[in-house]
Trainee: 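Handing you a structure now.
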Amino acid sequence: MSTIFNNWSCPIETVNLSAFNLNDFSLSIVREDMLHPFVSGNKFRKLKYNLQAAQEQGQKKLLTFGGAYSNHIAAVAAAGKELGFKTIGIIRGEELESKISENPTLSFAKDCGMHLHFVSREAYRQKDETEFINNLKNKFGDFYLLPEGGTNALAVKGCEEILCQETDSFDYICVPVGTGGTMAGLVKASKESQHIMGFSALKGIFQSSEIAKYTSKTNFEITDSYCFGGYGKIDIDLIRFMNEFKEKTNIPLDPIYTGKMMFGIMDLLKNGYFKENSRIFAVHTGGLQGIAGMNQKLKKKNLPIIE
Ligand SMILES: *Cc1c(COP(=O)(O)O)cnc(C)c1O
């Protein structure tokens with residue numbers, strides 16, 4: 001497939017743990033955030049085989065769903081623009097329609113040519129129902145449907161490609177978890193001896209059953225101990241940690257997913273969770289486009305911002 005989906009292999013960087021006084025471990029991070037200059041990481045992996053399927057089916061239009069700051073919406077808009085698909089985003093929250101210019105994610109999507117269609121929270125809840133989808137087909141014509149968050153079997157297949165020969169030597173593979181699709185790909189592609197650790201960005205570890213839909217392997221565990229109260233929730237400790245991490249490593253983190261994962265990894269390291277001399281591998285899934293929107297909210301609350 002053309003242009004953006006060729007030859008992805010992201011740089012793997014070693015994190016200098018002595019800067020954090022954690023000398024007995026090795027931590028490496030794969031910079032999936034570098035896949036694309038604006039939109040990054042796992043959302044593009046999840047789109048790869050879906051967009052290939054859409055092309056094969058002769059579809060010219062992609063339709064998907066998301067909230068006001070959705071990395072998935074931004075990724076679909078950007079990928080659609082680069083590969084010549086029309087894109088339609090069904091956005092949760094009618095009140096946002098008049099505020100597109102104030103919202104960095106929605107402005108970006110619009111600038112990429114995405115048609116934004118705003119629906120009430122009530123209507124949005126019906127997004128998996130046939131009647132709702134059929135109504136959208138009547139309105140917009142035929143389209144290739146991408147689920148919210150982008151998770152399906154083809155998405156999982158794309159995420160398997162995050163791992164490669166170079167990653168075989170790691171004992172632990174850490175990843176942030178939303179729907180669990182990315183983690184499912186990692187579990188599928190992992191060695192039996194590797195332990196996959198998911199850091200849930202939301203309350204609950206219900207994603208285990210989602211992962212079980214795609215693989216029978218059980219060498220994984222999910223924790224929500226570092227979700228900071230729920231999806232999109234943050235506090236000053238998290239912001240301070242993210243800024244400190246960036247200062248010491250030069251690696252920017254996002255507040256919704258990768259910041260929480262890295263906070264969790266560091267906490268587990270300090271508390272002796274990992275066996276000594278363990279080789280730990282973390283997936284930077286991207287999400288940096290969400291920083292601008294979060295900083296707007298932080299400024300309004302007079303809180304420190306993400307540097
Ligand atoms: C969507 C997203 C995730 C979660 O991916 P799932 O496959 O839904 O678990 C993790 N990190 C970032 C940056 C994301 O945008």
Side-chain angles (χ1 to χ4, degrees), residues 10 29-36 38-50 64-79 104-105 108-109 146-163 173-189 196-215 220-224 226-228 230-232 234 238 242 251-265 282-294 306:
C10 296
I29 182 162
V30 61
R31 299 291 306 273
E32 296 278 319
D33 56 309
M34 291 179 166
L35 273 185
H36 188 275
F38 305 115
V39 198
S40 46
N42 67 335
K43 296 301 183 292
F44 267 40
R45 298 266 180 204
K46 292 168 97 169
L47 284 172
K48 177 177 173 178
Y49 291 108
N50 275 293
T64 196
F65 306 92
Y69 299 96
S70 164
N71 292 329
H72 172 66
I73 286 288
V76 171
T105 302
F108 173 80
L146 293 158
E148 183 187 46
T151 291
N152 58 18
L154 291 176
V156 171
K157 182 179 170 191
C159 290
E160 288 179 49
E161 295 174 359
I162 295 171
L163 296 187
I173 296 169
C174 301
V175 64
V177 178
T179 63
T182 307
M183 184 164 177
L186 295 175
V187 172
K188 268 187 107 163
I196 320 302
M197 298 195 53
F199 294 81
S200 185
L202 25 113
K203 258 193 206 144
I205 54 166
F206 53 88
Q207 302 96 336
S208 295
S209 55
E210 184 69 17
I211 291 167
K213 286 185 197 163
Y214 299 103
T215 176
F220 71 88
E221 103 192 75
I222 301 177
T223 174
D224 69 351
Y226 303 100
C227 76
F228 287 79
Y231 185 76
I234 55 161
L238 180 64
M242 289 168 58
I251 301 172
L253 300 170
D254 86 290
I256 313 290
Y257 292 104
T258 56
K260 292 180 179 182
M261 168 188 70
M262 197 50 75
F263 188 101
I265 293 173
V283 180
H284 192 316
T285 41
L288 301 179
Q289 71 87 28
I291 292 175
M294 184 60 83
I306 301 160

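Atoms within each ligand, like the ligands themselves, are counted from 1 in listed order. Quick note: numbers below take in every heavy atom, side chains included, and nothing from hydrogens, waters or symmetry partners.
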Trainee: Please test Phe108 against Gln289 for side-chain contact (heavy atoms from CB on, under 4.5 Å), starting from the C-alpha separation and ending with a verdict.
Mentor: CA-CA 9 Å; Phe108 173 80; Gln289 71 87 28; 5.6 Å; no
Trainee: Does any N/O atom on Asp254 come nearer than 3.5 Å to any N/O atom on ligand 1?
Mentor: no
Trainee: Please work out, at 4.0 Å between heavy atoms, whether the side chain, the backbone, both, or neither of His72 comes within that distance of ligand 1.
Mentor: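 None of His72 does.
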Trainee: Does Gly178, backbone or side chain, put an N or O under 3.5 Å from an N or O of ligand 1?
Mentor: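 Right, the criterion is met.
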Trainee: Would you say Gly180 contacts ligand 1, with heavy atoms under 4.0 Å as the rule?
Mentor: yes
Trainee: Where's the contact between Asn71 and ligand 1, heavy-atom distance under 4.0 Å: side chain, backbone, both or neither?
Mentor: side chain
Trainee: For residues 173-188, which side-chain donor-acceptor pairs fall under 3.5 Å, sequence neighbours excluded?
Mentor:
residue, atom, partner, partner atom, Å
Thr179, OG1, Thr151, OG1, 2.6
Thr179, OG1, Gly181, N, 3.3
Thr182, OG1, Asn42, ND2, 2.8

Trainee: Please name all residues satisfying side-chain hydrogen bond (donor to acceptor under 3.5 Å, both in side chains) with Asp224, sequence neighbours left out, ordered by chain then number.
Mentor: none
Trainee: Has ligand 1 got any nitrogen or oxygen that is less than 3.5 angstrom from a nitrogen or oxygen of Thr179?
Mentor: yes
Trainee: Is there a donor-acceptor pair under 3.5 Å between the side chain of Ser209 and the backbone N or O of Phe206?
Mentor: yes
Trainee: Under 4.0 Å from any heavy atom of Gly287, which atoms of ligand 1 are there?
Mentor: 13 (C)
Trainee: Tell me whether the rings of Phe263 and Tyr226 are parallel (<30°), tilted (30 to 60°) or perpendicular (>60°).
Mentor: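 Judged by the thresholds at 30° and 60°, the geometry between Phe263 and Tyr226 is tilted.
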Trainee: Looking only at atom types and distance, does a side-chain atom of His284 sit under 3.5 Å from a main-chain N or O of Pro252, one as donor and one as acceptor?
Mentor: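 Answer holds: yes.
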Trainee: Would you check, one step at a time, whether the test side-chain contact (heavy atoms from CB on, under 4.5 Å) holds for Lys260 with Leu253?
Mentor: CA-CA 9 Å; Lys260 292 180 179 182; Leu253 300 170; over 6 Å; no
Trainee: Please list the nearest protein heavy atom to atom 11 (N) of ligand 1 with its residue and the distance rounded to 0.1 Å.
Mentor: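 The closest heavy atom on the protein side is Thr285 OG1, 2.7 Å.
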Trainee: Would you check whether Lys46 reaches within less than 4.0 Å of ligand 1, judged by its heavy atoms?
Mentor: yes
Trainee: Identify which of Asn42, Leu288, Leu186 has a heavy atom lying nearest to atom 5 (O) of ligand 1.
Mentor: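 Minimum heavy-atom distance to atom 5 (O) of ligand 1 goes to Asn42.
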Trainee: Look only at interatomic distance and state if Thr182 has a nitrogen or oxygen under 3.5 Å from any nitrogen or oxygen of ligand 1.
Mentor: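 Yes: some nitrogen or oxygen of Thr182 is under 3.5 Å from one in ligand 1.
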Trainee: Please indicate whether any nitrogen or oxygen in Pro176 is less than 3.5 Å from any nitrogen or oxygen in ligand 1.
Mentor: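 No.
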Trainee: Between ligand 1 and Gly286, can you find any atom pair, the residue atom being a heavy atom, that is separated by under 4.0 Å?
Mentor: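 Yes; Gly286 lies near enough to ligand 1 that a heavy-atom distance drops under 4.0 Å.
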Trainee: Do the side-chain N and O atoms of Glu160 and Tyr214 include a donor-acceptor pair separated by under 3.5 angstrom?
Mentor: no
Trainee: For residues Met262 and Ile29, determine if any side-chain heavy atom of one lies less than 4.5 Å from a side-chain heavy atom of the other.
Mentor: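 Yes; the side chains approach each other to less than 4.5 Å.
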Trainee: Is the closest heavy atom of Lys43 to ligand 1 under 4.0 Å?
Mentor: yes
Trainee: With a cut-off of 4.0 Å, which atoms of ligand 1 are near a heavy atom of Val177?
Mentor: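 Atoms satisfying the 4.0 Å criterion: 9 (O).
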Trainee: Is the shortest heavy-atom distance from the side chain of Arg31 to the side chain of Ile251 under 4.5 Å?
Mentor: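 Side chain of Arg31 against side chain of Ile251, heavy atoms only: contact under 4.5 Å found.
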